[in-house]
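Just below is one structure, and these are the notes that go with it.
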Amino acid sequence: MNIDPELKKAYELKEQYFDFNQVKEETYSGRAAKEKELDQLIMDCMNSNIRSMIKCGETLNKWKTEILNSFIWIDGKRVSNGPVEGKNSYIKKILSNANGFVNFERARNKIMYSQNHYERYSIHEKKRIIKRKGEARGKYKKTSSK
C-alpha cells in the first residue's frame, strides 16, 4: 500500500466501513450516533476522489435508512433479513427437487411441515386426503426383453 496512495486510501475507507458495521449491543450508542458516523463515512467516500469509493458513498447514501435500521436490536440480535432469505432458499430447493408440484396443497403442506420442526401433530386429527383427480393408475407390468 506504500506504492499507491489511492489504494491505501481505499483500504482505509473499507476498514472504516467494517468498523462502522461491527458493533455489539453493549457498545451501541444509539441511532443518532450511528447516523452521524454513517454521514461521516459517506462524506469521506465522496471526498476521496476515487471513482469506486464515490460510487460506494452514493450507494451508502441511497440505502442509508435501511443500513441504519439494521442497527435495531431485538432480543440481543440485530435485525436482519437473513432468516427470511434462508427460508426462501429452502422453499426453492424443495420445489426444484420435486421438479414442480402438480397439486398446490401438497406442495404447501410439504413446505409447511418441513419448516415447522417444533410442531407436534396428533394422530387423532382428521386427515385430509389430497390426491389428484382422475382415474386410478393401472397395474405396472414389466416386460421382459428376450
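In this chain, numbering begins with 1 at the start of the sequence shown.
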CG of Asp19 to CD of Glu37: how many Å apart, nearest 0.5 Å? 8.5 Å
Determine whether Ile54 and Ile42 fall in the same hydrophobic cluster, where Ile, Leu, Val, Met, Phe, Trp and Tyr are linked whenever their side-chain heavy atoms lie under 4.5 Å apart. yes
Where is the tightest heavy-atom contact between Cys45 and Gly57, given as atom of each residue plus distance? CB-CA, 3.8 Å
Same hydrophobic cluster for Met46 and Leu38, using side-chain heavy-atom links shorter than 4.5 Å among ILVMFWY? yes
The criterion is side-chain hydrogen bond (donor to acceptor under 3.5 Å, both in side chains); which residues satisfy it with Asn88, sequence neighbours excluded? none
Do Leu68 and Trp63 belong together in a cluster built from hydrophobic side chains that touch within less than 4.5 Å? yes
CA sep, side-chain torsions, deciding dist, call: Asn69, Ile72, side-chain contact (heavy atoms from CB on, under 4.5 Å): CA-CA 6 Å; Asn69 286 343; Ile72 297 171; 4.2 Å; yes
Under the side chain to side chain donor-acceptor pair (under 3.5 Å) rule, what pairs show up with a residue in residues 3-18, not counting sequence neighbours? Gln16-Asp44
Distance-only donor-acceptor hits, side chain of residues 79-87, under 3.5 Å, sequence neighbours excluded:
residue, atom, partner, partner atom, Å
Ser80, OG, Gly82, N, 2.9
Lys87, NZ, Gln115, OE1, 3.0

Set of residues satisfying side-chain contact (heavy atoms from CB on, under 4.5 Å) with respect to Ile94, sequence neighbours excluded: Tyr90, Phe101, Lys110, Ile111, Ser114
Sequence-distant partners of Glu35, salt bridge (Lys or Arg N to Asp or Glu O under 4.0 Å), two or more places apart: Lys64
Close side-chain approach of Ser48 to Leu13, heavy-atom, < 4.5 Å: yes
Distance, nearest 0.5 Å, that separates CG of Asn21 from OG of Ser70: 6.0 Å
Under 4.5 Å between any side-chain heavy atoms of Ile67 and Phe20, yes or no? yes
Per the side chain to side chain donor-acceptor pair (under 3.5 Å) rule, what does the pair list look like for residues 53-62, sequence neighbours excluded? none
